[in-house]
Amino acid sequence: MAGMPDASTISPRRPVGVFDSGVGGLTVLHELLVHLPHEDFLYLGDTARFPYGQREPGELQRFSLQIARELLARDAKLMVVACNAATSAALGALREQLAAWAPEVDVLAVVEPESRLAAAHTPTGRVGLLATPATVASGAYDRALGAHAPKATLTKVACPDLAPIIQGGFPFDQRVVETVRGYCRPLVAARVDTVILGCTHYPLVAPMLRRMLGPRVRLVTSGRALAGEVERVLVEHSLAHPRGGEGDYRFLCTGDVEAFVEVGTRFLQMPLGEVEHIDLPDWDVTVGSREAAA
Ligand code: DGL
């Protein structure tokens with residue numbers, strides 16, 4: 001793993017940095033907040049550039065490096081990529097770049113932990129994936145699932161409009177139901193027993209998915225799978241916050257603050273509190289550059 005944290009150079013009192021293209025990653029933050037209540041978290045939602053799911057890999061790498069640079073400048077002790085599209089396109093570049101900018105800061109991400117869980121849970125090896133077009137096209141889940149369950153077959157469904165309609169579609173109406181039903185059809189036809197929700201927005205339609213796929217199909221989400229991994233890394237590298245009780249969580253967003261608070265509260269299922277608007281400079285960050293992150 002790149003960037004092994006060194007407990008002697010990094011304070012465990014610093015926050016965990018988490019980012020996503022917008023509010024979807026708040027479903028991951030939700031799991032982190034309930035699993036690791038004593039930690040402080042700093043979440044960045046790149047709402048001005050949402051959605052990421054139909055963007056090119058080079059663009060997603062550039063955005064992810066810009067965000068990582070901002071979170072490092074704000075003292076993140078660990079970087080959590082709570083966006084499947086960003087993970088699929090940019091995790092390698094992020095690890096490479098952080099090794100130059102801040103080798104003591106590790107990067108954890110979705111995709112791998114979910115694939116490991118899916119491999120452990122599937123009795124038949126028939127696994128389904130619902131994800132954005134960028135994530136499906138990257139082949140990241142084929143590789144990650146194949147590493148843990150070489151005999152498994154992955155039925156992939158690219159869902160171009162699902163994240164935007166979940167984000168804009170409250171209260172859910174029949175259009176949302178029919179869109180979700182359409183994406184489930186190939187999974188039902190393939191008789192999958194496990195479905196990876198390969199986008200951090202999708203847990204919001206989990207009840208619909210359960211009805212449509214049937215009670216025997218297991219859903220695997222990004223947040224649950226990742227929270228255990230974050231805890232393990234913090235403990236292993238002596239980075240767990242020493243306090244008991246509850247830590248603090250704060251938000252940065254690149255788009256409209258009011259919209260972030262309104263929609264974000266539903267995704268987090270907790271009050272959002274302080275949200276700061278930031279403009280991310282559109283640096284052309286080159287992977288491998290040693291220029292200081294701060
Ligand atoms: N949150 C993003 C992900 O997990 C999906 C939404 C988007 O398209 O930006 O891939």
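Because the structure is predicted, anything quoted here is derived from the model rather than measured. Remember, it's 1-based here, ligands and their atoms both numbered in the order they're listed.
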Student: Against L129, only a single residue in L154, L187, V157 fulfils side chain to side chain contact (heavy atoms under 4.5 Å, CB included); can you say which?
Tutor: L154

Student: For ligand 1, output the ligand-protein N/O contacts shorter than 3.5 angstrom; if there are none, return none.
Tutor:
from, atom 1, to, atom 2, distance (Å)
ligand 1, 1 (N), D20, OD1, 2.8
ligand 1, 1 (N), T200, OG1, 2.9
ligand 1, 4 (O), N84, N, 2.9
ligand 1, 4 (O), N84, OD1, 2.9
ligand 1, 4 (O), T200, N, 3.0
ligand 1, 4 (O), T200, OG1, 3.2
ligand 1, 8 (O), Y52, N, 3.3
ligand 1, 8 (O), G53, N, 2.8
ligand 1, 9 (O), S21, OG, 2.6
ligand 1, 9 (O), Y52, N, 2.6
ligand 1, 10 (O), N84, N, 3.4
ligand 1, 10 (O), A85, N, 3.0

Student: Kindly state whether the ring of H201 and the ring of F50 have centres lying under 6.0 angstrom apart.
Tutor: yes

Student: If you draw the axis of the six-membered ring of F63, does the NZ or CZ of R49 fall within 45° of it and under 6.0 Å from the ring centre?
Tutor: yes

Student: If the threshold is 4.0 Å, N to carboxylate O, is there a salt bridge linking D40 and R243?
Tutor: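 R243 and D40: salt-bridged.
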
Student: Would H277 and F260 count as a close aromatic pair, with their ring centres under 6.0 Å?
Tutor: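 Aromatic pair excluded; centres sit 6.0 Å or further apart.
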
Student: Does E56 come within less than 4.0 Å of R62, counting only side-chain N to carboxylate O?
Tutor: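 Answer for the salt bridge query: no.
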
